[in-house]
Protein chains: 2
Amino acid sequence: MSKNVYLDYAATTPIDKQVLKSMLPFLKQNYGNASSLHTPGRKANQAVEKSRATIAHATGMQNKEVIFTSGATESNNLAIKGTFQALNAKFNSLKKLHFITSNIEHHCVLDSFAYLKKKYPKNVEITYLPVNEKGLINPDILAKALKKNTVLISIMMINNEIGTAQPLKKIAQIIKKQKKARSQDQNPMPIYFHSDATQAPSYFSIQCSAYGLDLLTINAHKIYGPKGVGALVIKKGVLIHAINHGGGHEFRKRSGTLNVPGIVGMGKAIELAEKNRDKNIEKITKLRDYFLNQISQKLKRIKVNGSLKKRTPNNINISFLGVEGESLLLLLDKKGIYVSTGSACSSNSLQASHVQLALHNNHLRAHSSIRFTLGKFLLKSDLDYAVQEISKAVNRLRKISQGINQKSECKKS
Amino acid sequence: MSKNVYLDYAATTPIDKQVLKSMLPFLKQNYGNASSLHTPGRKANQAVEKSRATIAHATGMQNKEVIFTSGATESNNLAIKGTFQALNAKFNSLKKLHFITSNIEHHCVLDSFAYLKKKYPKNVEITYLPVNEKGLINPDILAKALKKNTVLISIMMINNEIGTAQPLKKIAQIIKKQKKARSQDQNPMPIYFHSDATQAPSYFSIQCSAYGLDLLTINAHKIYGPKGVGALVIKKGVLIHAINHGGGHEFRKRSGTLNVPGIVGMGKAIELAEKNRDKNIEKITKLRDYFLNQISQKLKRIKVNGSLKKRTPNNINISFLGVEGESLLLLLDKKGIYVSTGSACSSNSLQASHVQLALHNNHLRAHSSIRFTLGKFLLKSDLDYAVQEISKAVNRLRKISQGINQKSECKKS
């Protein structure tokens with residue numbers, strides 16, 4: 001019997017039936033443009049505003065603070081480049097703008113910073129915080145990295161490859177202190193805190209105030225919603241320039257006809273994430289623990305990447321020493337088990353994951369890693385099948401690589 | 001009996017059933033991330049590439065020349081800002097870059113240029129071509145506006161408000177001549193031709209070579225496809241920088257997880273537009289002529305805005321003199337007839353349409369205009385009903401405004 005065990009929920013999730021059901025009227029009879037003044041337009045607009053209110057509620061923000069985008073990549077680009085542009089226009093003559101991020105952020109965060117640094121070398125300086133071997137930032141290092149001209153700190157909530165949960169609340173305390181000092185020093189520079197929470201909503205609160213966040217990135221297709229839609233939550237007063245210009249949609253922060261069905265689906269996905277979070281955490285934690293336990297019993301020479309304690313319950317990232325991750329991925333694929341070696345975005349690259357290297361700087365270990373990400377449609381029996389096949393495949397690959405090693409040792413001797 | 005007569009197809013279109021059917025598997029069981037290496041990922045990727053090939057075929061370009069975006073606004077922003085950034089990086093030290101566009105372009109084109117001019121005043125100069133009273137550019141004026149440093153000409157194929165079809169082929173000839181002259185003068189500056197063809201594919205060929213285009217913007221929701229997806233076709237060799245940075249998707253020109261269902265739907269929408277173009281033109285031209293004929297018989301003091309000859313068959317834009325367009329829109333809305341006063345994007349603004357003013361600079365006429373845009377789901381009986389209700393509403397509004405004018409004249413005397 002052919003199985004289909006999807007263990008790549010961090011790459012994308014199936015759409016929840018309730019989400020699709022909420023979208024269908026807007027893919028069918030309710031097709032109005034949300035900017036149109038007539039009844040079909042107003043119906044579309046009402047649906048958009050309902051979704052905006054749901055997200056505002058989930059993030060503890062005002063409706064007007066929620067900006068819909070085409071996804072997390074656009075949201076992160078907007079958060080980073082948009083605040084830079086606004087603050088550079090305001091403080092350009094005064095001094096350089098300093099940014100803090102971590103070296104395990106998603107490519108779209110790192111590449112946005114790299115773009116700024118390359119394009120505005122005189123106006124931008126960036127500190128990339130290291131992580132420890134558990135994949136966690138040290139808030140003390142962040143505190144020491146702060147400068148008088150630090151304007152934005154961008155630290156992801158949950159890492160997409162190894163699932164570690166960063167100490168955002170501690171960072172918020174440090175920023176609060178810094179703000180107080182700036183106020184005393186009459187330093188006019190704002191300091192914003194942004195987090196890419198793409199991987200979070202199914203398992204973590206996304207209340208901005210709980211983490212002291214000024215900017216929050218979320219998207220839909222990682223939480224059982226549709227692809228092609230995301231949001232950037234922007235606290236009132238944050239200085240930010242639009243990237244896309246046009247009709248002035250989204251409070252002049254993001255132009256373009258609103259993707260009504262996508263936005264409706266995203267609202268439903270966030271609503272379900274909020275409603276089912278506790279249930280999801282319980283279910284997925286049990287499955288994850290069971291999976292890890294079974295794998296550990298069946299296979300030796302494995303290493304879990306990233307803290308097991310400060311982690312989203314749905315991610316388990318394992319290095320199978322002596323095995324090439326991509327070969328394992330392809331063998332499992334043949335058995336109907338779908339995993340990834342890193343983030344989906346960099347799947348086509350042969351480079352070792354920058355996240356893995358940041359933890360242990362061990363290329364062999366990085367190349368032997370597999371990301372298993374679990375989700376709500378998984379059954380225990382799926383995991384039993386997966387463990388069995390993973391075990392077979394790893395043993396097979398280790399035998400092959402042992403053979404190659406022996407051969408090359410023969411040649412050497 | 002309550003009617004629903006949608007006459008706002010230029011704002012957005014219902015999704016064709018065949019389009020939705022093509023999308024549904026990707027909203028349900030085929031949920032893979034197109035960047036993932038496993039089978040679900042490859043299935044998603046194959047669907048994306050099929051859609052890319054459809055669009056490449058329709059535009060007469062190579063697959064690699066088709067870049068998926070979140071819609072026409074993003075495509076136009078990318079075309080304009082992306083080429084500026086690339087060319088500015090290359091020629092910055094040499095001279096200013098000169099752009100030519102028209103003053104009846106969509107807001108996202110005009111606002112992208114305005115952004116460049118504001119942000120790079122020393123590096124950018126822009127010529128806005130006027131249009132004649134028929135809403136058409138004069139190619140001779142464009143030829144005279146050309147400079148040695150003109151790098152991009154952006155002229156829309158079909159105007160979204162008044163439906164006029166610009167003389168792109170003539171412009172292409174002028175550009176060809178210019179290119180020849182530059183080659184003789186050893187002028188290294190390229191000159192690109194971009195067109196926003198958002199309103200075109202249902203009624204006009206979008207073959208880039210037919211118009212000498214280097215860059216072409218299209219989107220899905222104006223041609224019976226889904227909202228939230230578009231494309232920018234970029235001819236090989238065109239220098240362009242990405243706006244969104246991240247995983248390096250879309251040949252490093254547009255990062256972000258691909259909106260697989262949207263892209264599949266867009267491919268199907270383009271396929272249908274190609275297949276049914278002749279049929280659509282015939283049907284819609286008949287309906288449009290019938291509608292205009294009926295309206296002209298029933299009402300005096302009306303003026304059609306824009307050339308009737310050089311025009312998309314689905315647009316008829318009429319000024320009902322003595323009537324305030326928005327009041328008419330709202331009265332018709334109550335009768336289940338859905339029209340617009342200008343583009344949907346600027347519906348919330350009380351300013352007179354920049355397009356109308358460019359034609360006749362008559363604020364009263366601009367404010368009395370209504371855009372009727374027809375589409376393939378319309379019936380003749382819908383138009384009979386619409387004509388009857390438009391006639392009633394216009395007469396009613398004219399009576400009211402006459403009353404007001406008489407009163408104010410009484411006060412004066």
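Every chain is numbered from 1 and lettered A, B, ... according to where its sequence line falls, protein lines coming before strand lines. Only heavy atoms go into these numbers, but all of them, side chains included; no hydrogens, no water, no symmetry mates.
The salt bridge (charged side-chain N to carboxylate O under 4.0 Å, His left out) pairs that include a residue from residues 32-49 of chain A are A/Arg42-B/Asp333, A/Glu49-A/Arg52, where partners are two or more places apart or lie in different chains. Listed by first and then second residue, the salt bridge (charged side-chain N to carboxylate O under 4.0 Å, His left out) pairs involving residues 21-30 of chain A amount to none (not counting sequence neighbours).
In this structure, no portion of A/Val19 lies under 4.5 Å from any heavy atom of chain B. The contact between B/Leu329 and chain A is made entirely by side chain atoms (from C-beta outward), counting heavy-atom distances below 4.5 Å. Residue contact with chain A, scored on non-hydrogen atoms closer than 4.5 Å, involves the backbone and the side chain of B/Ile243 alike. Contacts of B/Gln29 with chain A are absent, with no heavy-atom separation under 4.5 Å from either backbone or side chain. Residue B/Thr69: no heavy atom, backbone or side chain, is found under 4.5 Å from chain A. In this structure, chain A has a heavy atom under 4.5 Å from the side chain of B/His221, while its backbone stays farther away. Proximity to chain A (any heavy atom under 4.5 Å) is shown, for B/Lys17, by neither the backbone nor the side chain. At a 4.5 Å heavy-atom cutoff, the contact between A/Leu27 and chain B is made by backbone and side-chain atoms alike. Proximity to chain A is limited to the side chain of B/Leu24, based on heavy atoms less than 4.5 angstrom apart.
Judged by distance alone, with hydrogens and angles left aside, the side-chain atoms of A/Asn33 form a donor-acceptor pair with the main-chain N or O of B/Ala11 at under 3.5 Å.
Of all residues in residues 109-118 of chain A, those placing a non-hydrogen atom less than 4.5 angstrom from a non-hydrogen atom of chain B are A/Asp111, A/Ser112, A/Tyr115.
Using cut-offs of 30° and 60° on the angle between ring planes, the pair A/Tyr338 and B/His38 is tilted.
With rounding to the nearest 0.5 Å, the separation of OG1 in B/Thr39 from CG in A/Asn4 is 8.5 Å. For the atom pair OG of A/Ser255 and CD of B/Glu74, the computed distance is 12.0 Å after rounding to the nearest 0.5 Å.
The greatest number of non-hydrogen atom pairs below 4.5 Å with chain A, out of B/Lys334, B/Lys227, B/His245, B/Lys81, is found for B/His245. Ranked by heavy-atom pairs under 4.5 Å with chain B, the list A/Leu330, A/Leu78, A/Ile80, A/Leu20 is led by A/Leu20. Chosen from B/Ala72, B/Pro226, B/Gly336, B/Gly256, the residue pairing most often with chain A at heavy-atom distances under 4.5 Å is B/Gly256. Heavy-atom pairs under 4.5 Å with chain A peak, among B/Asn30, B/Asn259, B/Asn244, B/Thr12, at B/Asn244. For the set A/Tyr6, A/Phe26, A/Tyr31, the entry with the most heavy-atom pairs within less than 4.5 Å of chain B is A/Tyr31. In terms of heavy-atom pairs under 4.5 Å with chain B, the best-connected choice from A/Gly71, A/Gly41, A/Gly32 is A/Gly32.
Looking at every heavy atom in both residues, A/Ser36 comes nearest to B/Asp8 through OG-OD2, 3.6 Å.
Under 3.5 Å, the side chains of A/Arg254 and B/Thr73 contain no donor-acceptor pair of N or O atoms.
Taking the ring-ring contact (aromatic ring centres under 6.0 Å, His included) definition, one finds that B/Phe251 meets it with nothing, sequence neighbours left out.
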